[in-house]
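Input: a single structure, listed below in structure tokens.
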Amino acid sequence: RDGNIYPPFVIRAQSGFGKSILLGKIVAELISAKHTTAESEETIWPKFDRILFSQLKDSRSEYNLEKSICKGLDLGHRCENLDELFEKVKADNKIIFIDSLDEHEAKKNWWKMSRRFSDEGWIVVWACRDPDWSHHKLGHDETDGGPIPNDIADDLRQSNTGGIPLPWD
């Protein structure tokens, strides 16, 4: 956690380069690590109490990114909004994978959604096609026409080793 926020992770690549497969493999490793109990079965993966995956392409008809995230969850976690999800999931260590940001009309709201999750103690991992990420300025601050508040962007740049760019660039 960097100050008051868990900075979101963004996996970016061109179409067909395996972002969704990579997310699936990471989720599988995290689930395996969660259920590793014997010391002889050590793992390099962190242990999360709750691991969720949301498939945005399953809910593209929604123009609201929050609702699409909720509708893209598995049946056991599917809900109408994030408040309902946060009420359902009371675990300590939580992570959500959201695939794929570029497929949603309200992609510019990704930062607001990341912040909502972070405020509730979640780590967020997004997948997004590279051309879309750049074209829509999704990694830019408000001054540069992007969705990230300037003060947050400045804090993230300061905590990043070189000061510039933002952690996902």
Closest heavy-atom contact between Lys47 and Ala33? CE-O, 3.1 Å
Between Phe53 and Leu73, is there a side-chain heavy-atom distance shorter than 4.5 Å? no
So does Lys34 have more than 12 non-hydrogen atoms from other groups sitting under 6.0 Å from NZ? yes
I'd like a table of donor-acceptor pairs (distance under 3.5 Å, sequence neighbours excluded) in which one partner is a side-chain atom from residues 86-97, with atom names and distances.
| unit_1 | atom_1 | unit_2 | atom_2 | d |
| --- | --- | --- | --- | --- |
| Lys88 | NZ | Arg78 | O | 2.8 |
| Lys94 | NZ | Ala91 | O | 3.1 |
| Lys94 | NZ | Glu120 | O | 2.8 |

How long is the gap from CD1 on Ile98 to CG on Leu52, to the nearest 0.5 Å? 9.5 Å
Set of side-chain hydrogen bond (donor to acceptor under 3.5 Å, both in side chains) partners for Ser134, sequence neighbours left out: none
If Ile, Leu, Val, Met, Phe, Trp and Tyr residues are connected whenever their side-chain heavy atoms lie under 4.5 Å apart, and connections chain through other members, are Val125 and Phe17 in the same group? no
Quick check for you: to the nearest 0.5 Å, what is the distance between Arg129 atom CZ and Trp133 atom CH2? 15.0 Å
For Ser54 and Ser68 the tightest heavy-atom approach is OG-O, 4.0 Å
Gap between atom SG of Cys128 and atom NE2 of His136 - 0.5 Å precision: 8.0 Å
So how far is it from Ile51 CD1 to Ile26 CD1, rounded to the nearest 0.5 Å? 11.5 Å
Would you call Trp111 and Pro8 a side-chain contact if the rule is heavy atoms closer than 4.5 Å? yes
Same hydrophobic cluster for Leu85 and Leu75, using side-chain heavy-atom links shorter than 4.5 Å among ILVMFWY? no
List for me each residue that meets side-chain hydrogen bond (donor to acceptor under 3.5 Å, both in side chains) alongside Gln14, sequence neighbours excluded, and say none if there are none. none
Does the side chain of Phe117 reach to within under 4.5 Å of the side chain of Ile69, using non-hydrogen atoms? yes
For Leu65 and Asn109, work out which heavy atoms get closest and say how close. CD2-C, 3.7 Å
Between Glu66 and Arg116, is there a side-chain N and carboxylate O pair less than 4.0 Å apart? yes
Measuring from Trp126:CH2 to Arg12:CZ, what's the distance to the nearest 0.5 Å? 15.0 Å
About how many Å separate CG of Asp119 and OH of Tyr6, when rounded to the nearest 0.5 Å? 11.0 Å
Strictly by side-chain hydrogen bond (donor to acceptor under 3.5 Å, both in side chains), give each pair with a member in residues 23-32 just once, sequence neighbours left out. Glu29-Trp45
Quick one: closest heavy-atom pair of Ile148 and Trp110, and the distance? CD1-CZ2, 4.1 Å
Can you tell me if CD on Glu84 sees more than 12 non-hydrogen neighbours from other groups inside 6.0 Å? yes
Just jot down the side-chain hydrogen bond (donor to acceptor under 3.5 Å, both in side chains) partners of Ser100, sequence neighbours excluded, or say none. Asp102
In sequence, state the C-alpha distance, the side-chain angles, and the governing distance for Ile123 and Phe9, and then conclude on side-chain contact (heavy atoms from CB on, under 4.5 Å). CA-CA 8 Å; Ile123 293 173; Phe9 293 92; 3.8 Å; yes
Looking at every non-hydrogen atom in both residues, tell me the closest pair between Asn150 and Glu142 and how far apart they are. OD1-N, 3.3 Å
My understanding is that only residues two or more places apart in sequence, or in another chain, count here; which of them pass side-chain hydrogen bond (donor to acceptor under 3.5 Å, both in side chains) with Asp74? His77
Is the number of heavy atoms from other residues, nucleotides or ligands within 6.0 Å of NZ (Lys67) greater than 12? no
Does the side chain of Pro46 come within less than 4.5 Å of Leu30's, by heavy atoms? yes
